[in-house]
Amino acid sequence: MQIIRSIRSMQAAARKIAGSGKTIGLVPTMGYLHRGHQSLIVRAAKLADVVIASVFVNPSQFGPGEDFKTYPRDEKGDIARIAEALGKKKARTAIVFAPKAIDIYPDDFETWVTVEKLSQTLEGKARPGHFRGVTTIVAKLFNITRPDVVVFGLKDYQQAMVLSRMTRDLGYPIKFVIAPTVREKDGLAMSSRNAYLDDLGRWEATCLYYSLRTAREMVRSGVADTRVLLREMKAVIKATCPSANVDYIAFTDFKTLKPVKTVTTGTICSLAVRVHGVRLIDNLKLA
Ligand code: PAF
């Protein structure tokens with residue numbers, strides 16, 4: 001596996017791969033990889049000849065007071081987990097692109113990419129400026145690595161929708177793949193931020209999935225009114241994690257992200273909850 005840090009070297013490597021007639025599958029990450037990321041890497045390896053995994057904790061998507069400085073980092077472990085996911089043969093040709101922040105954002109950097117409406121709701125509302133940082137770094141990664149295929153996880157559902165729209169709107173010739181959320185045995189969605197939780201927090205963090213599952217079961221048994229679902233989800237969260245702070249619970253159309261009052265086919269529920277001070281997100285399609 002090759003580790004590339006400079007933008008020019010990455011561009012040259014991408015040109016060489018394309019020149020040899022091979023396809024590139026990109027998996028953008030912020031590192032501290034877990035089985036969720038590994039599943040994206042495996043998917044990329046199935047869809048393309050060469051896998052590029054970027055590892056870059058992107059400062060511009062963190063707001064003031066958020067966890068940019070403390071975000072967990074483990075480059076050695078990341079490389080091992082990429083190799084493990086790919087197996088010997090695919091790992092040999094794979095590339096880890098781990099640029100320096102100063103190269104991505106030179107001091108006089110002033111060009112941003114924004115997906116206007118989809119970025120305003122849910123996570124975008126709770127974390128102003130977050131998606132501007134995400135879309136800008138991902139556009140840069142697309143320009144630098146020239147992928148044929150890109151794989152993102154459904155766990156960051158709104159991010160996937162925003163980036164898919166950006167890919168279409170800017171005319172990138174990239175196949176955009178969204179892979180399912182990978183969960184721990186008890187249902188907790190895998191996330192690098194789970195590492196912040198202590199034992200009790202880890203257990204109580206199941207409140208997100210339990211509440212989503214409750215909503216899905218209620219929908220299956222005929223309840224479609226989101227006010228009823230919301231009430232029950234809040235009760236499940238309170239019972240599982242009494243100190244939890246619900247940031248939002250939203251029922252929206254899967255594609256448009258527009259809020260819905262009644263669950264119909266394509267309704268997704270997303271939520272953000274602070275568990276022992278750790279902000280976690282999750283989502284589930286309800287019908
Ligand atoms: O999902 C993430 O880890 C990040 O938001 C991404 C897409 C790698 C951009 O920094």
Side-chain angles (χ1 to χ4, degrees), residues 4-5 7 10 24-41 43-44 51-63 66-75 77-79 81-82 85 95-105 109 112-115 118-119 122-124 126-145 147 149-167 170 172 174 176-182 189-196 270 272 278-283:
I4 297 182
R5 296 190 195 278
I7 293 176
M10 186 61 253
I24 295 175
L26 172 69
V27 180
T29 83
M30 295 211 297
Y32 213 69
L33 305 187
H34 46 68
R35 282 199 287 117
H37 294 111
Q38 285 183 312
S39 75
L40 307 182
I41 289 165
R43 185 78 175 266
V51 173
I52 300 176
S54 62
V55 174
F56 179 65
V57 184
N58 175 36
S60 70
Q61 69 188 76
F62 291 80
E66 289 189 353
D67 56 344
F68 171 65
K69 284 216 172 101
T70 55
Y71 195 84
R73 292 158 167 91
D74 174 17
E75 196 183 90
D78 290 340
I79 293 165
R81 272 180 278 277
I82 293 166
I95 296 174
V96 175
F97 178 49
K100 291 199 194 91
I102 190 67
D103 294 335
I104 294 290
Y105 299 111
F109 184 86
W112 299 94
V113 178
T114 309
V115 174
L118 287 183
S119 294
L122 310 175
E123 282 302 282
R127 304 178 67 191
H130 169 67
F131 283 120
R132 183 178 89 139
V134 171
T135 38
T136 301
I137 185 61
V138 172
K140 285 200 79 159
L141 291 169
F142 284 0
N143 296 338
I144 295 166
T145 64
V149 183
V150 66
V151 188
F152 290 96
L154 185 60
K155 148 83 175 26
D156 295 301
Y157 147 71
Q158 185 182 11
Q159 168 173 284
M161 291 299 134
V162 166
L163 290 171
S164 154
R165 183 67 59 86
M166 177 193 84
T167 304
L170 295 185
Y172 285 111
I174 301 173
F176 195 97
V177 176
I178 304 175
T181 303
V182 178
M190 297 222 172
S191 161
S192 306
R193 288 192 171 97
N194 293 349
Y196 296 144
S270 353
V278 181
R279 190 173 184 279
L280 301 173
I281 60 171
D282 200 352
N283 63 74

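One-based numbering, in listed order, for ligands and for the atoms of each.
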Plane angle bin for H34 and H37 - parallel if under 30°, tilted between 30 and 60°, otherwise perpendicular: tilted

Set of side-chain contact (heavy atoms from CB on, under 4.5 Å) partners for A189, sequence neighbours left out: K155, T181, R183, D282

Distance (rounded to the nearest 0.5 Å) between I7 CD1 and K100 NZ: 10.5 Å

P28: numbered ligand 1 atoms lying under 4.0 Å from its heavy atoms: 8 (C)

Protein heavy atom at shortest distance from atom 3 (O) of ligand 1: M30 CG, 3.5 Å

N or O pair under 3.5 Å between T29 and ligand 1: no

side-chain hydrogen bond (donor to acceptor under 3.5 Å, both in side chains) partners for Y172, two or more places apart: N143

Atoms in ligand 1 with a heavy atom of N58 nearer than 4.0 Å: 10 (O)

Gap separating the OH atom of Y196 from the CG atom of L280, nearest 0.5 angstrom: 10.5 Å

Numbered atoms and elements of ligand 1 in range of I137, under 4.0 angstrom, heavy atoms: 9 (C), 10 (O)

Nearest non-hydrogen protein atom, atom 9 (C) of ligand 1: Q61 OE1, 3.3 Å

Pair D103 + K140: basic N to acidic O under 4.0 Å: no

Polar proximity ligand 1 side, Q159 side, N/O cut 3.5 Å exclusive: yes

